[in-house]
Amino acid sequence: MVSFYTVGCMSGSSLDGIDLCYAEFTGDIETDKWQYRILKASTVSYDSDWKSKLRSAKELRGEDLIKLHLEYGHFMGKTVKNFVEHEDIKNLDCVASHGHTIFHQPNLGYTFQLGDGETSAAYLKQPFVCNFRNKDVALGGQGAPLVPNGETFLFCGNEICINLGGIANIGLKGLQGYDVCPCNYVSNKLAAIHDPTLEYDPNGEIAETGTVIKEILGRLDALHFYEQLPPKSLDAEWIEAEVLSILNTTQNSIPDLLMTCTEHVTNRLTEACKNARDSLHAENKLKPKNVLKVLVTGGGAFNKHLIRLLQCKLQDQGFILEQVDEVTIAFKEALIFAFLGLRCLLNQTNIFRSVTGSKSDSISGSIHRPAHYVNSDSRIIRYLMEKNKDRKTS
């Protein structure tokens with residue numbers, strides 16, 4: 001058994017900021033059994049300037065997008081460096097970042113996450129791993145969601161994991177994972193229209209005062225994406241074109257639209273859980289009378305109104321909503337990217353075709369070495385060399 005220390009970075013479509021998670025992973029590549037401890041965690045919120053840049057990035061011409069790619073690389077590197085120094089982190093083997101998604105069109109063969117890795121690495125003393133999606137897309141996969149790939153190891157005791165970010169996704173025991181529906185991306189936009197000082201609907205309080213608009217709910221539920229079988233993934237462009245176009249904010253009240261979207265999200269998630277249960281039964285992963293526990297994390301898990309509604313619907317279908325600490329709720333995605341980066345450096349598979357639908361499993365991620373050699377950079381290499389030596393002599 002050995003322990004590694006990693007910082008994971010996550011920036012999602014809801015534009016809350018960069019989640020940073022410093023974690024210890026204890027395990028062994030021979031058994032591939034792993035445990036984790038979150039040691040430090042923090043969110044660096046985007047200021048209005050960065051929010052504006054990220055929202056408009058997809059409209060930039062080529063040269064300007066490259067400049068922003070480098071600028072965000074500097075910003076990420078500085079952000080991690082400041083986090084490490086402020087938290088007085090001494091033991092650190094690597095840093096891993098999801099980047100910030102600007103384009104995601106896997107069916108057209110491309111995806112792009114902002115943040116140049118070599119630029120970020122210039123600020124660090126450890127290897128920096130990023131660019132986790134491109135290889136999977138090249139192999140014919142969706143390149144997303146990636147979190148279920150880590151849940152296989154770190155949350156193997158949970159049959160179903162749901163993440164409520166800008167987009168809601170589901171993972172089930174490493175057998176499958178996919179994007180379910182838009183979530184915070186839409187509700188945050190509606191809350192800001194209702195009150196420009198709000199970045200989100202606190203506890204779902206605005207939605208709770210509204211009434212479901214049945215006609216709009218019907219149009220949302222009828223979207224073609226929900227007829228597709230997994231693996232499948234969503235992106236901001238699709239949400240803008242297909243979902244926000246249905247929500248007529250000039251003719252409908254924002255509370256009613258928020259309540260309608262909450263109803264839609266909880267309906268889609270309940271249906272996804274029922275399908276997950278059927279899949280687990282089909283794979284003989286469940287006993288007939290098993291009551292499934294559902295772990296819900298991500299920013300949307302702090303929306304009390306949404307969670308109450310989801311809990312009622314899941315309980316009606318025989319599921320139990322599992323309780324978890326707030327740190328795990330908020331930083332699970334960053335935690336998992338820390339782990340995926342570590343697996344990349346350990347030469348261990350970190351993206352699975354059962355989740356993304358690609359032609360094969362892969363070791364994904366671009367590794368960027370620090371500007372200067374430091375001892376921590378070689379600790380993972382020494383571990384792998386020792387394992388190699390053990391295999392040759394055994």
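Everything numeric here is computed off the predicted structure, so don't read it as measured data.
- Atom NZ of K135 is surrounded by more than 12 heavy atoms from other residues, nucleotides or ligands within 6.0 Å.
- Between K40 and D88 there is no salt bridge, since no side-chain nitrogen of the basic residue lies less than 4.0 Å from a carboxylate oxygen of the acidic one.
- A heavy-atom distance below 4.5 Å is found between the side chains of R55 and L15.
- With contacts defined as side-chain heavy-atom distances shorter than 4.5 Å, the pair C261/L247 qualifies.
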Acceptor/donor pairs from residues 192-200 side chains to any protein atom, 3.5 angstrom cut, sequence neighbours excluded:
| from | atom 1 | to | atom 2 | distance (Å) |
| --- | --- | --- | --- | --- |
| D195 | OD1 | T197 | N | 3.0 |
| D195 | OD1 | T197 | OG1 | 2.7 |
| D195 | OD2 | T197 | OG1 | 3.2 |
| E199 | OE1 | K51 | NZ | 3.3 |
| E199 | OE2 | K51 | NZ | 2.8 |

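- Every residue was checked against the side chain to side chain donor-acceptor pair (under 3.5 Å) condition with Y36, not counting sequence neighbours, and none meets it.
- For the ring-ring contact (aromatic ring centres under 6.0 Å, His included) test, residues two or more places apart in sequence or in another chain that qualify with Y226 are H264.
- A salt bridge between E240 and K58 is absent, with no side-chain N of the basic residue lying under 4.0 Å from a carboxylate O of the acidic one.
- Looking at R268 and F225, their side chains never come closer than 4.5 Å, going by heavy atoms from C-beta outward.
- Atom OG1 of residue T43 and atom CE of residue M10 lie 11.5 Å apart, to the nearest 0.5 angstrom.
- Ring geometry for F103 versus Y110: interplanar angle over 60°, hence perpendicular rather than tilted (30 to 60°).
- The closest side-chain heavy-atom distance from K313 to Q317 is not below 4.5 Å.
- With contacts defined as side-chain heavy-atom distances shorter than 4.5 Å, the pair T111/D235 does not qualify.
- Heavy atoms from other residues, nucleotides or ligands lying under 6.0 Å from CD of E326 number 12 at most.
- Using modelled atom types, one side-chain atom of D256 and one backbone atom of T211 make a donor-acceptor pair closer than 3.5 Å.
- Expressed to the nearest 0.5 Å, how far CG of N188 lies from OG of S14 amounts to 5.5 Å.
- A salt bridge between K53 and D49 is present, with a side-chain N of the basic residue lying under 4.0 Å from a carboxylate O of the acidic one.
- Judged as a side-chain contact (heavy atoms from CB on, under 4.5 Å), and not counting sequence neighbours, the contacts of E85 are K81, N82.
- Within the model, atoms OG1 of T297 and NZ of K332 stand 3.5 Å from one another, a figure rounded to the nearest 0.5 Å.
- Residues satisfying the side chain to side chain donor-acceptor pair (under 3.5 Å) criterion with H98, sequence neighbours excluded, are R133.
- Here F25 pairs with F339 under the ring-ring contact (aromatic ring centres under 6.0 Å, His included) rule; sequence neighbours left out.
- Side-chain contact annotation: D136 with T356, donor-acceptor N/O pair under 3.5 Å present.
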